[in-house]
Amino acid sequence: KGGMVPTLSSASGSASASVRMSSISTSKQNMLAVTVIGAEGLHSVGAGAELYCVCRIAGREGGGEFRTRPACGTLAPHWDFDGTIDGHRAGDSLEFAIFEDEQAQRAAFHATLSSNLIDRPGGFSGELPLNFHRATWASGTRQARLRVSVQVKHGRAARCHKAWVEMKSRRITTAGDNGGDMLNRILLLESSISPMSR
């Protein structure tokens with residue numbers, strides 16, 4: 001009969017196991033598939049600006065990051081740029097910083113995507129408010145916005161997506177090669193992977 005009643009030591013061991021499992025799940029590293037689509041309302045930017053956006057994990061030195069190509073002569077850049085961030089853990093937020101040109105020492109605009117929006121099922125797709133670094137923001141000026149899409153990828157899905165992004169960045173889509181076919185095959189393979197295996 002005594003064996004049927006949980007003892008203090010067994011309950012404690014169970015709690016310890018639970019803590020260990022929680023620690024494992026939160027420390028697991030995944031990949032983020034990020035698309036920086038574009039921005040609007042970038043007032044007070046110089047006429048000759050070559051705007052580009054940098055994406056990185058917030059508060060982590062030496063973490064993964066990428067940058068878009070520059071967009072010239074516009075206050076509403078459309079990058080439609082695909083990138084990947086390795087080493088993402090549950091609870092990580094993303095930072096987006098827009099620079100005016102290569103010589104800029106600090107970002108002109110910045111935005112943060114919180115972890116609860118990244119880690120929810122389906123990820124995030126939408127607009128983020130951009131903060132202007134100067135204190136001369138005109139009263140009544142429409143809020144600048146950044147449009148992005150972010151999804152957490154695991155295992156095989158992460159590898160497929162990274163291969164697709166790398167191929168796309170090399171622009172292997174010209175006539176006479178199989179780049180376009182390869183891109184389509186990778187996309188089909190990625191879409192066929194069960195969500196449980198991601």
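The salt bridge (Lys or Arg N to Asp or Glu O under 4.0 Å) check on Glu50 picks up nothing, with sequence neighbours excluded. Phe81 pairs by the ring pair (Phe, Tyr, Trp, His ring centres under 6.0 Å) definition with Phe66, not counting sequence neighbours. Contacts of Thr35 classified as side-chain hydrogen bond (donor to acceptor under 3.5 Å, both in side chains), with partners at least two apart in sequence or in another chain: Asp82. In terms of the ring pair (Phe, Tyr, Trp, His ring centres under 6.0 Å) criterion, Phe124 has no residue partners (sequence neighbours excluded). Annotation: side-chain hydrogen bond (donor to acceptor under 3.5 Å, both in side chains) contacts of Ser115 (sequence neighbours excluded): none. Here Glu102 pairs with Arg67 under the side-chain hydrogen bond (donor to acceptor under 3.5 Å, both in side chains) rule; sequence neighbours left out. Taking the salt bridge (Lys or Arg N to Asp or Glu O under 4.0 Å) definition, one finds that Asp119 meets it with nothing, sequence neighbours left out. Not counting sequence neighbours, the partners of Asn131 by the side-chain contact (heavy atoms from CB on, under 4.5 Å) test are His110.
Across Ile85 and Arg56, no two heavy atoms sit closer than the pair CD1-CA, 4.3 Å. Of all non-hydrogen atoms in Leu32 and Ile118, the two that sit nearest each other are CD2-CG2, 3.8 Å. A pairwise comparison of heavy atoms in Ala104 and Glu100 identifies CB-N, 4.3 Å as the closest pair. When all heavy atoms are compared, the tightest approach of Ala108 to Phe132 is O-CD1, 3.3 Å. Considering every non-hydrogen atom in both Pro77 and Leu75, the closest pair reads CD-C, 3.5 Å. What you find for Ile57 and Gly87 is that their closest heavy atoms are CD1-O, 4.0 Å.
Rounded to the nearest 0.5 angstrom, Ser125 OG and Gln151 CD are separated by 8.5 Å. Here Gln143 contributes atom CD and Glu127 contributes atom CD; the two are 10.5 Å apart, rounded to the nearest 0.5 Å. With values rounded to the nearest 0.5 angstrom, Leu51 atom CG is found 8.0 Å from Phe109 atom CZ.
Within the hydrophobic cluster formed by Ile, Leu, Val, Met, Phe, Trp and Tyr side chains joined at under 4.5 Å, directly or through other members, Val54 is accompanied by Tyr52, Phe99. Membership of an apolar cluster is not assigned to Met31, as no side-chain contact below 4.5 Å to another ILVMFWY residue is traced.
Without hydrogens or angle criteria, Arg89 side chain to Asp92 main chain gives no donor-acceptor distance under 3.5 Å. When atom types are taken as modelled, the side chain of Trp79 and the backbone of Arg69 share a donor-acceptor pair closer than 3.5 angstrom.
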What do the steps show when you test Leu130 against Ile98 for side-chain contact (heavy atoms from CB on, under 4.5 Å), and what is the final call? CA-CA 9 Å; Leu130 282 163; Ile98 296 178; 3.8 Å; yes

Working for side-chain contact (heavy atoms from CB on, under 4.5 Å), residues Cys55 and Leu94: CA-CA 7 Å; Cys55 173; Leu94 277 184; 4.1 Å; yes

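Under a hydrophobic-cluster definition in which Ile, Leu, Val, Met, Phe, Trp and Tyr are linked whenever side-chain heavy atoms come within less than 4.5 Å, directly or via other members, Ile37 and Leu117 are assigned to different clusters.
Among residue pairs with one or both ends in residues 71-81, none qualify as salt bridge (Lys or Arg N to Asp or Glu O under 4.0 Å); sequence neighbours excluded.
The closest side-chain heavy-atom distance from Ser149 to Val34 is not below 4.5 Å.
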